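Everything numeric here is computed off the predicted structure, so don't read it as measured data.
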There are 2 protein chains.
Amino acid sequence: MNKYKELGLKSTPQRLSILAFLEGNTCHPTAEEVYRHASKKFSTMSFATVYKTLETLKQQGCLQEVTIDPEKRHFDPNTERHQHIMCTKCKKIADVFVTFDLTLPEKDVQGFQITGSHVEFYGLCPKCKGEGTMQKR
Amino acid sequence: MNKYKELGLKSTPQRLSILAFLEGNTCHPTAEEVYRHASKKFSTMSFATVYKTLETLKQQGCLQEVTIDPEKRHFDPNTERHQHIMCTKCKKIADVFVTFDLTLPEKDVQGFQITGSHVEFYGLCPKCKGEGTMQKR
DNA sequence: GTACGTGCAAAGGTTTTGCATTACA
DNA sequence: TGTAATGCAAAACCTTTGCACGTAC
């Protein structure tokens with residue numbers, strides 16, 4: 001009994017390979033990366049299958065979309081509440097497991113009924129930080 | 001002496017109309033919306049000009065990109081530090097002018113040198129909230 | 001056996017690019 | 001007048017869709 005069956009979905013080798021790649025993956029892959037990995041195992045794997053599967057998993061709440069990078073859509077199999085940090089140079093995204101009190105004063109919610117929040121941090125990753133100005137001899 | 005000249009850029013009527021549409025605009029328009037507006041004044045306005053101008057303004061720090069909506073890229077002429085809230089139903093984005101202490105403990109930054117942060121709130125806007133379940137008679 | 005999933009190819013949408021023309025400074 | 005911006009069309013992406021075929025259950 002795997003995750004797909006638990007959800008009442010058909011379990012196929014293609015779907016299983018996509019899930020296997022995602023589970024425990026903290027690299028926040030793009031659809032293209034999921035496709036690249038899955039097509040190593042299934043040479044006939046198509047983007048249609050990848051996108052449809054990602055969308056299905058998202059609908060089922062097994063997958064989140066990370067919006068921190070304006071250039072690309074990234075997916076995150078960790079659906080627990082957590083934050084992200086992105087390197088503005090190499091675009092690497094890491095998880096941040098710190099919780100904040102993000103309650104908004106009534107006067108600032110503008111009538112919205114708030115259901116969630118997410119914090120994005122920007123900065124330089126250890127690698128890019130070092131390469132910074134190349135002043136080190 | 002307008003903003004473009006101050007930045008050492010050429011001032012053109014097309015660029016001025018784009019800036020005029022953006023300045024003070026709190027609707028977080030997409031490139032398409034900027035184009036639609038600007039092409040009313042300039043029937044020859046092209047997407048190329050819109051995108052190039054938006055990119056230029058972004059480079060100059062006169063414009064931010066809002067990443068809250070995974071489906072569309074939105075632009076925000078307000079470059080002061082502020083947060084956003086998006087209606088998950090109608091995708092409307094509003095500004096939130098509340099500041100939070102988002103300092104990360106050293107052990108959680110994973111060697112990153114943090115340069116900024118942004119909070120995204122999700123919820124239902126006043127309009128969509130009311131339409132919720134249609135149970136009202 | 002049947003409904004659902006796959007995979008191809010085509011379409012749709014968005015953003016970028018090359019290049020000739022135009023216009024600002 | 002020289003340089004930078006415009007605007008067209010084409011290309012490059014990324015994502016979705018339709019449909020015939022295949023497969024899990």
Asks: Separation of B:Leu16 atom CG from C:dA23 atom P, in whole Å?
Replies: 15 Å

Asks: Just the rounded figure in Å: distance from C1' of D:dT6 to NZ of B:Lys41.
Replies: 19 Å

Asks: What contact category does B:Thr44 fall into here, base, sugar-phosphate, or nothing, at under 4.0 angstrom with non-hydrogen atoms?
Replies: sugar-phosphate

Asks: From NE2 of A:His74 over to P of D:dT15, roughly how many Å is that when rounded to an integer?
Replies: 10 Å

Asks: Check side-chain hydrogen bond (donor to acceptor under 3.5 Å, both in side chains) between B:Thr12 and all other residues, then give those that pass, not counting sequence neighbours.
Replies: none

Asks: Can you list every pair that meets salt bridge (Lys or Arg N to Asp or Glu O under 4.0 Å) and has a residue in residues 26-35 of chain B, with sequence neighbours left out?
Replies: B:Glu32-B:Arg36

Asks: For A:Lys3, enumerate each residue passing the side-chain contact (heavy atoms from CB on, under 4.5 Å) test, keeping only those at least two apart in sequence or located in another chain.
Replies: A:Leu7, A:Leu19, A:Glu23, A:Cys62

Asks: How close or far is atom C1' of C:dC4 from atom CD of A:Gln60, stated in whole angstroms?
Replies: 14 Å

Asks: How many angstroms lie between CD1 in A:Ile93 and CD1 in A:Ile68, if you round to the nearest 0.5 Å?
Replies: 6.0 Å

Asks: Is there a side-chain contact between B:Arg15 and the phosphate of D:dT6, meaning an N or O under 4.0 Å from OP1 or OP2?
Replies: yes

Asks: Give the angle between the helix axes at the two ends of the helix from C:dG1-D:dC25 to C:dA25-D:dT1, taking five base pairs at each end and rounding to 10°.
Replies: 40°

Asks: Which donor-acceptor pairs under 3.5 Å do side chains of residues 95-112 of chain B form with protein atoms, sequence neighbours excluded?
Replies:
residue: B:Asp95; atom: OD1; partner: B:His28; partner atom: NE2; Å: 2.8
residue: B:Asp95; atom: OD1; partner: B:His82; partner atom: NE2; Å: 3.0
residue: B:Asp95; atom: OD1; partner: B:His84; partner atom: NE2; Å: 3.2
residue: B:Asp101; atom: OD1; partner: B:Thr103; partner atom: N; Å: 3.3
residue: B:Asp101; atom: OD1; partner: B:Thr103; partner atom: OG1; Å: 2.5
residue: B:Gln110; atom: NE2; partner: A:Asp95; partner atom: O; Å: 2.6
residue: B:Gln110; atom: NE2; partner: B:Asp108; partner atom: O; Å: 3.4

Asks: Which pair of heavy atoms, one from B:Phe47 and one from B:Ala31, lies closest together, and at what distance?
Replies: CE2-O, 4.2 Å

Asks: Quick one: A:Phe42 CZ to C:dG7 C1', roughly how many Å, whole number?
Replies: 13 Å

Asks: Is the phosphate of D:dA5 approached by B:Gln14 (side-chain N or O, under 4.0 Å from OP1 or OP2)?
Replies: no

Asks: Using the side-chain contact (heavy atoms from CB on, under 4.5 Å) criterion, which residues pair with B:Thr49? Sequence neighbours excluded.
Replies: B:Gln14, B:Met45, B:Ser46, B:Thr53

Asks: Between A:Thr49 and C:dG7, is there a contact of a side-chain N or O with OP1 or OP2 at under 4.0 Å?
Replies: yes

Asks: A:Leu54 has an atom CG; how far is it from atom C1' of C:dG7, in whole Å?
Replies: 16 Å

Asks: Restricting to side-chain hydrogen bond (donor to acceptor under 3.5 Å, both in side chains), what partner residues turn up for A:His37, sequence neighbours left out?
Replies: none

Asks: Just how far, in rounded Å, is C1' of C:dC8 from OH of A:Tyr35?
Replies: 11 Å

Asks: Output one letter per nucleotide in nucleotides 16-25 of chain D: B when a protein non-hydrogen atom lies under 4.0 Å from the base, S when only the sugar-phosphate is that close, - when neither is.
Replies: BBB-----BS

Asks: According to side-chain hydrogen bond (donor to acceptor under 3.5 Å, both in side chains), who are the partners of A:Thr56, at least two apart in sequence or on a separate chain?
Replies: none

Asks: A:Tyr122: which residues meet the side-chain hydrogen bond (donor to acceptor under 3.5 Å, both in side chains) condition with it, sequence neighbours left out?
Replies: A:Glu120

Asks: Scan residues 47-65 of chain A for pairs that pass salt bridge (Lys or Arg N to Asp or Glu O under 4.0 Å), counting only residues two or more places apart or in two chains.
Replies: A:Lys58-A:Glu65, A:Glu65-A:Arg73

Asks: How many angstroms lie between atom CG of B:Asp76 and atom CG of B:Leu63, to the nearest 0.5 angstrom?
Replies: 7.5 Å

Asks: In residues 61-72 of chain A, which residues come under 4.0 Å of DNA chain D by heavy atom?
Replies: none

Asks: What is the distance, rounded to the nearest whole Å, between atom CG of A:Leu7 and atom C1' of C:dG5?
Replies: 15 Å

